[in-house]
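Comments concern the structure below.
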Amino acid sequence: MVTSASTLPEFDQYAPAYTDMLDDPIRKQFSKDPLHFHRRKWYLLRDMLEGAGRRVSAQRWLDVGCGQGDLLQLAGPHFAQATGCDPSSVMISRSNSFRVEHQPSFSRLPFKDASVDLVTAVCVYHHVHGAARAQLLEEMKRVLSPGGLCCILEHNPRNPITRAIVRRCPVDVDAELLPAEEVSDLLQVAGFKTVSTNYFLYLPETIFNRVGRVEKLLRKVPFGGQYAVLAQAPR
């Protein structure tokens with residue numbers, strides 16, 4: 001996960017018990033399977049890419065702040081190329097998925113210019129503060145091919161359950177939640193063009209597995225537990 005430089009050691013310390021530290025009784029009411037939340041992110045990302053006319057199997061994907069690589073492990077096989085990076089060397093040492101690089105600085109990504117077609121930051125930006133948010137976004141733009149896509153997925157501060165879970169989570173002690181409109185503004189200032197914004201995680205896993213199509217009808221209603229903003233880099 002990407003943080004400010006002063007908090008990087010904390011994520012090295014969190015790594016051995018990271019999964020346990022995310023454990024929360026409210027979260028368990030939605031799903032007892034931690035991978036459920038990664039699957040939901042993957043389903044939404046896939047749908048948004050297809051909606052933007054991008055074939056997933058043709059995309060070179062970079063997941064910034066990938067942590068232990070759970071999302072890469074789940075979604076990576078569907079892409080032409082899947083890589084990740086994270087400033088916590090201990091977190092990425094626990095990853096057994098794809099190519100994962102250590103990120104020596106939150107403001108510098110260890111990849112060449114125009115080397116990927118899609119870059120994601122999944123629940124990363126609430127740990128990035130002040131000017132570092134724009135700096136990281138400039139780096140994400142640098143590694144994107146012309147017209148490539150950037151997708152930022154975040155906790156939705158409009159959702160009271162999300163706020164409660166974040167407030168109780170030890171790894172979110174520094175969290176500053178951003179509404180989707182703020183993310184869109186950051187992207188536009190950096191020269192991106194917003195393609196779509198979707199909200200998700202309305203329903204517990206047991207209900208979603210039966211009537212998941214209902215959530216698709218709610219994707220524009222800004223009260224889901226999380227949201228995703230997809231934007232296109234300049235050509």
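Everything numeric here is computed off the predicted structure, so don't read it as measured data. Computation of the quantities below employed the complete heavy-atom set of this structure, encompassing side-chain atoms and omitting hydrogens, waters and symmetry-equivalent molecules.
Contact of the C123 side chain with the L153 side chain is not registered, since no non-hydrogen atoms from C-beta on lie closer than 4.5 Å. Side-chain atoms of Y227 and R158, non-hydrogen and from C-beta on, never get closer than 4.5 Å to each other. The side-chain heavy atoms of L49 and F79, taken from C-beta on, include a pair separated by under 4.5 Å. Looking at heavy atoms from C-beta onward, T120 lies out of side-chain contact with L149 at the 4.5 angstrom threshold. Put simply, the side chain of R39 reaches to within 4.5 Å of the side chain of D33, judged on heavy atoms. No side-chain heavy atom of Q226 sits under 4.5 Å from any side-chain heavy atom of R40. Looking at heavy atoms from C-beta onward, D172 lies out of side-chain contact with R167 at the 4.5 angstrom threshold. No side-chain heavy atom of Q59 sits under 4.5 Å from any side-chain heavy atom of S145.
A salt bridge is absent between R54 and D117: the closest approach of a Lys/Arg side-chain nitrogen to an acidic carboxylate oxygen does not fall below 4.0 angstrom.
Hydrophobic clustering, with ILVMFWY side chains joined whenever heavy atoms are under 4.5 angstrom apart, groups L203 together with F223. The hydrophobic cluster containing L35 does not contain Y43, counting ILVMFWY residues as joined when their side-chain heavy atoms lie under 4.5 angstrom apart, directly or transitively. Both V221 and Y199 are part of a single hydrophobic cluster, where members link through side-chain heavy atoms under 4.5 Å apart. Under a hydrophobic clustering in which Ile, Leu, Val, Met, Phe, Trp and Tyr are joined whenever their side-chain heavy atoms come within less than 4.5 Å, directly or via other members, V166 and V122 fall into different clusters.
Using a 3.5 Å distance cut-off with no hydrogens or angles, the side chains of E176 and H126 do not pair a donor with an acceptor.
Between the side chain of H78 and the backbone N or O of S57 there is no donor-acceptor pair closer than 3.5 Å. Side chain of R99 to main chain of Q81: no donor-acceptor pair is present (N/O by atom type, distance under 3.5 Å, no hydrogens or angles). Between the side chain of K141 and the backbone N or O of A190, at least one donor-acceptor pair lies under 3.5 Å. Side-chain atoms of E154 do not come within 3.5 Å of backbone N or O of A228 as any donor-acceptor pair.
Y202 contributes atom OH, which lies 10.5 Å from atom CZ of R219 (distance to the nearest 0.5 angstrom). In this structure, L177 CG and R163 CZ are separated by 8.5 Å, a value rounded to the nearest 0.5 Å. Atom OG of S107 and atom CD of E139 lie 7.0 Å apart (nearest 0.5 Å). Distance check: F200 CZ to D47 CG gives 11.0 Å after rounding to the nearest 0.5 Å. Distance check: L230 CG to M48 CE gives 4.5 Å after rounding to the nearest 0.5 Å. Of the inter-residue distances, the one linking T83 atom OG1 with F111 atom CZ reads 4.0 Å to the nearest 0.5 angstrom.
Across every non-hydrogen atom of H38 and L71, the tightest pair is O-CD1, 3.5 Å. Across all non-hydrogen atoms, the minimal contact from V229 to S184 is CG1-OG, 3.7 Å. Across all their heavy atoms, G225 and T162 have their closest contact at O-OG1, 2.9 Å. Taking each heavy atom of L178 and Y125 in turn, the nearest pair found is CD1-O, 3.6 Å. The minimum heavy-atom distance between F192 and C150, with the atom names listed, is CE2-CB, 3.6 Å. Smallest separation of non-hydrogen atoms from A114 and R60: O-NH2, 4.0 Å.
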Please determine whether side-chain contact (heavy atoms from CB on, under 4.5 Å) holds for the pair S196 and K220, giving the CA-CA distance in whole Å, both sets of side-chain angles, and the decisive distance to 0.1 Å.
CA-CA 9 Å; S196 60; K220 300 303 178 182; 4.2 Å; yes
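Atom NZ of K112 sits in a sparse spot, with 12 or fewer heavy atoms from other residues, nucleotides or ligands closer than 6.0 Å.
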